[in-house]
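Bear in mind the structure is a predicted one, so any value in this text is a computation, not a measurement. Order of the sequence lines fixes the chain letters, A, B, ..., with proteins taken first and strands second; residue numbering starts at 1 for each chain.
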Number of protein chains: 2
Amino acid sequence: MAEQNDKTAPATLMDVAKKAGVSIATASRVLNGSTRKVRNDSYVKVMEAAKKLNYRPNAYAQAVAKGTAPSIVLLVSDISDPYFASVSQGVVKAAGEQGVAVTIGVAAGPKEELEAVRKAVATRPRGIIISESEYVDAPERTALEAELKQYEASGGRAVFILNRNLPFPAVDVANEVGARAIAKLVVDSGYRRPAILKGDDNHRSSRERLAGVLDVLGKAGISVDPRAVANGRFSRTEGYAAVMQLARTGLLTAGDGALYDGAGVDAVIALNDVMAIGAMTALRANGIEPGREIGVTGFGDIPYSADVHPSLTTVHLPLIEMGQAAVDCVLAAHDEDETAAPQPANRLIFVQSAPDIVLRESLPRR
Amino acid sequence: MAEQNDKTAPATLMDVAKKAGVSIATASRVLNGSTRKVRNDSYVKVMEAAKKLNYRPNAYAQAVAKGTAPSIVLLVSDISDPYFASVSQGVVKAAGEQGVAVTIGVAAGPKEELEAVRKAVATRPRGIIISESEYVDAPERTALEAELKQYEASGGRAVFILNRNLPFPAVDVANEVGARAIAKLVVDSGYRRPAILKGDDNHRSSRERLAGVLDVLGKAGISVDPRAVANGRFSRTEGYAAVMQLARTGLLTAGDGALYDGAGVDAVIALNDVMAIGAMTALRANGIEPGREIGVTGFGDIPYSADVHPSLTTVHLPLIEMGQAAVDCVLAAHDEDETAAPQPANRLIFVQSAPDIVLRESLPRR
DNA sequence: CTGTTAGCGCATTCAT
DNA sequence: ATGAATGCGCTAACAG
């Protein structure tokens with residue numbers, strides 16, 4: 001028939017075993033097995049055969065035979081967000097060093113997230129790292145928890161990046177501490193009329209940061225008008241939109257209906273770097289030079305915060321290290337297994353107890 | 001024994017078949033099979049059983065049984081580069097719509113790339129998309145080509161993003177056309193003493209862009225001093241370093257040894273956005289206000305080029321669409337298969353024949 | 001329509 | 001040290 005070398009099927013273990021004149025078991029041992037106990041004689045023959053046939057093990061077959069695969073899946077809500085990009089970089093790097101592959105899935109909302117988790121579970125990975133951040137109280141929460149719990153029961157590890165109050169370990173940072181620090185800096189630098197750009201109310205990190213900022217501000221005698229606290233998601237676009245909105249409604253700059261008794265805002269405290277960057281662009285769109293007329297702060301210290309102008313004064317978060325920590329958590333759990341005491345399910349892994357403030361140009365003393 | 005529900009193994013197809021009182025084949029048909037031909041009666045029973053047991057198909061087992069898996073792997077050299085981030089976004093989006101999963105691998109150099117391809121092949125994916133860009137002439141090139149050819153022979157599809165002159169289809173853009181356009185803009189805007197920031201010489205896109213720019217400049221009567229063409233990779237850091245180097249050696253600003261007979265540079269043409277952004281920061285570090293004293297242009301139009309200040313005048317590249325085109329190419333090849341005429345191996349897929357120039361603030365008329 | 005059977009490619013006892 | 005045999009979870013003919 002037309003059974004030509006048209007579509008040369010990849011060589012299988014059997015092929016190389018046959019060509020090497022050994023059993024399939026022996027071939028398996030030299031090519032993959034851990035403690036190889038084969039005579040150097042046949043070892044060589046197998047290797048040669050494998051090379052000639054250009055043998056590549058079928059990862060799936062190995063996985064099904066072993067019952068698990070050396071991979072972990074990482075779920076993010078948007079790869080093109082520099083925040084997630086940095087975290088992903090850390091995850092990929094750490095995983096790569098351990099020889100485990102990472103599959104990156106993208107899930108924008110809670111529904112997609114649940115769906116993505118189901119698909120992830122189907123691949124029986126060593127662990128699932130979830131770096132989503134919003135919607136802590138979405139209705140899917142229960143289903144998500146159940147799904148993940150079952151996954152854990154089957155031997156997998158679920159880890160969150162940024163705590164969501166779900167009973168799973170989470171890599172976290174001291175949000176509130178960082179928020180206090182940046183708020184203190186704003187006050188100490190002479191600003192008295194701040195606007196705050198926060199994320200979704202369901203976003204835990206946003207809430208923690210907001211609480212920290214508000215508390216420090218309050219103790220400094222600054223009462224923040226509710227209208228000065230702008231909603232949005234943690235995105236460049238929403239940071240931009242929030243400031244535009246403030247400007248459009250006359251709240252931003254000195255004038256009759258402006259915030260702070262008509263004096264207007266003198267600082268924008270964004271609870272996230274990309275929002276801050278969007279905000280700066282919006283400020284300019286309104287003829288306001290950020291850093292000069294209005295101070296701006298961010299949160300996160302993404303790579304580009306150093307390249308915007310004025311460069312962004314922000315709270316440093318060890319993004320890459322967070323990704324690495326998540327991987328460590330997944331892999332460590334596999335190694336120890338039953339040896340150590342079972343870690344509490346909701347353990348928090350702090351990669352940094354006290355976030356540093358990065359002083360740049362967007363918040364000059366005044 | 002201690003064979004408790006300690007580590008509840010995930011339910012298998014057999015489990016649900018048993019619980020539903022049907023054969024494993026029937027269960028498979030309702031849960032996964034395409035053209036299900038089962039009585040509504042047993043359909044319901046299987047679904048219920050699956051729900052109760054929280055059945056999740058084992059993706060690996062499916063893959064090994066089918067001989068292939070609904071996934072494609074994407075290789076990039078750095079996820080945190082906004083350029084790759086955008087491309088990846090396109091890939092993930094398009095793939096997601098077709099129900100195929102994307103595994104993102106990171107490979108920094110040619111060696112890692114080859115290694116990554118080998119691992120990728122082991123998972124027998126529908127296709128492999130390579131978005132690396134440098135080192136077109138690395139010694140690994142031959143091995144890479146062989147590996148990929150063999151992969152194709154076994155039914156897979158390899159696609160490059162940005163042509164590398166390897167015999168595989170590639171999603172490409174009109175680099176030289178775009179380069180000519182931006183160079184023309186520079187000249188027409190009144191600049192006469194440009195410095196050029198290019199990428200690695202092995203980087204094909206960089207070479208094409210350089211050729212375009214140089215040609216237009218030459219025809220405009222501008223001869224570019226070799227020292228005005230700075231080397232580097234396509235990274236923010238190298239863009240920064242290149243300008244710092246120019247400044248340090250006194251080539252940049254008017255003075256005795258400066259370029260262009262001591263007049264110094266009046267424009268920086270970066271062949272890549274991130275280099276341009278790094279360059280702007282470096283300019284500032286030398287007390288030069290980019291856009292005002294020295295014009296700057298980029299290439300690529302990454303999202304952040306709109307947020308830097310001055311916002312970057314650049315060549316728009318449909319990054320997301322490029323990612324989508326790549327997965328279309330992979331998937332289309334699978335559908336048609338033998339129906340259509342076999343596409344030439346080195347086919348170029350242009351997502352945009354004539355890149356648009358995005359006029360912003362970094363290159364004012366002078 | 002549904003159950004039986006035979007693989008898929010590989011890891012792994014269990015003998016030898 | 002090595003080979004034969006068994007099973008992993010599932011799909012796909014193949015018969016009923």
Side-chain angles (χ1 to χ4, degrees), chain A residues 7-47 49-50 53-71 119 121-125 154-155, chain B residues 7-47 49-50 53-71 119 121-125 154-155:
Chain A
K7 277 196 179 183
T8 308
T12 76
L13 231 198
M14 210 185 68
D15 294 335
V16 342
K18 206 166 289 180
K19 187 175 188 81
V22 300
S23 82
I24 176 175
T26 303
S28 172
R29 287 190 258 263
V30 4
L31 290 174
N32 314 303
S34 44
T35 45
R36 48 175 173 137
K37 289 187 173 183
V38 314
R39 214 171 31 194
N40 189 286
D41 176 27
S42 43
Y43 173 85
V44 173
K45 298 208 298 192
V46 171
M47 288 304 272
L53 267 39
N54 208 277
Y55 170 74
R56 298 276 173 271
N58 183 322
Y60 289 157
Q62 287 187 158
V64 61
K66 284 182 177 171
T68 181
S71 74
K119 273 187 193 159
V121 169
T123 73
R124 309 285 189 274
S154 72
Chain B
K7 276 196 180 184
T8 309
T12 76
L13 231 198
M14 209 185 68
D15 293 334
V16 344
K18 206 165 289 179
K19 188 177 188 77
V22 302
S23 83
I24 175 174
T26 302
S28 172
R29 286 190 259 262
V30 4
L31 291 174
N32 314 304
S34 45
T35 45
R36 47 174 173 140
K37 291 187 174 184
V38 311
R39 216 171 30 196
N40 190 286
D41 176 27
S42 42
Y43 174 84
V44 173
K45 298 206 302 189
V46 170
M47 288 303 272
L53 266 41
N54 208 277
Y55 171 74
R56 297 278 173 271
N58 183 320
Y60 289 155
Q62 289 186 155
V64 61
K66 284 185 177 170
T68 181
S71 75
K119 274 186 194 161
V121 169
T123 73
R124 308 286 190 275
S154 73

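Here the side chain of Arg39(B) is nearest to one of dT2(C), dC10(D), dC10(C), namely dT2(C). Side-chain proximity of Asn58(A) to the nucleotides dA11(C), dC10(D), dC10(C) is greatest for dC10(C). For Ile24(A), taking side-chain heavy atoms from C-beta onward, the closest of the listed nucleotides dT11(D), dT2(D), dC10(C) is dC10(C). Comparing dG3(C), dC10(D), dC10(C) against the side chain of Val22(B) picks out dG3(C) as the nearest. Here dT13(C) is the nucleotide among dC8(C), dT13(C), dA1(D) with the atom lying nearest to any side-chain atom of Arg29(A). Of the candidate nucleotides dG9(C), dT2(D), dA12(D), dA12(D) has the atom nearest to the side chain of Ala25(B). Picking from dG3(C), dT2(D), dC10(C) the nucleotide with the shortest atom distance to the side chain of Gln62(A) gives dC10(C).
Map Val64(B) and Gly21(B) each onto its nearest nucleotide of DNA chain C; the residue landing nearer the 5' end is Gly21(B). Along DNA chain C, the nucleotide nearest Asp41(B) and the nucleotide nearest Lys66(B) are compared for position; the residue whose nucleotide lies closer to the 5' end is Asp41(B).
Look at Thr26(B) and you won't find any side-chain N or O under 4.0 angstrom from OP1 or OP2 of dT2(C). The side chain of Ser28(A) places an N or O atom within less than 4.0 Å of a non-bridging phosphate oxygen (OP1 or OP2) of dA11(C). Checking the phosphate oxygens (OP1, OP2) of dC10(D), a side-chain nitrogen or oxygen of Tyr55(B) falls inside 4.0 Å. One finds a side-chain N or O of Asn32(B) lying less than 4.0 angstrom from the OP1 or OP2 phosphate oxygen of dT11(D). Of the side-chain N and O atoms in Ser42(A), none sit less than 4.0 angstrom from OP1 or OP2 of dA1(D). Look at Ser23(A) and you'll find a side-chain N or O under 4.0 angstrom from OP1 or OP2 of dG3(D).
Expressed to the nearest 0.5 Å, how far CG of Leu31(B) lies from CZ of Arg56(B) amounts to 10.5 Å. Rounding to the nearest 0.5 Å places CD of Gln62(A) at 10.5 Å from OH of Tyr60(B). Summarising the geometry, atom OG belonging to Ser42(B) is positioned 9.5 Å from atom CZ belonging to Arg29(B); distances are rounded to the nearest 0.5 Å. Summarising the geometry, atom NZ belonging to Lys66(B) is positioned 7.0 Å from atom CG belonging to Asn32(B); distances are rounded to the nearest 0.5 Å.
Met14(B) places its CE atom 16 Å from the C1' atom of dT11(D), with the value rounded to the nearest Å. In this structure, the CZ atom of Arg56(B) is 20 Å from the C1' atom of dC8(D), given to the nearest Å. Across the protein-nucleic acid pair, Asp15(A) atom CG and dC8(C) atom C1' stand 13 Å apart, rounded to whole Å. Taking atom CG of residue Leu13(A) and atom P of nucleotide dC8(C), one finds them 13 Å apart after rounding to whole Å.
Taking all atoms of both residues into account, the shortest heavy-atom contact from Arg124(A) to Thr68(A) is O-OG1, 3.6 Å. Considering every non-hydrogen atom in both Pro125(A) and Ser71(A), the closest pair reads CB-O, 3.4 Å.
In this structure, the helix from dC1(C)-dG16(D) to dT16(C)-dA1(D) shows an angle of 40° between the axis at its start and the axis at its end, each fitted on 5 base pairs and rounded to 10°.
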With a cut-off of 3.5 Å and sequence neighbours excluded, list every side-chain donor-acceptor pair involving residues 11-18 of chain A.
| residue | atom | partner | partner atom | Å |
| --- | --- | --- | --- | --- |
| Thr12(A) | OG1 | Met14(A) | N | 3.1 |
| Thr12(A) | OG1 | Asp15(A) | N | 3.3 |
| Asp15(A) | OD2 | Thr12(A) | N | 2.9 |

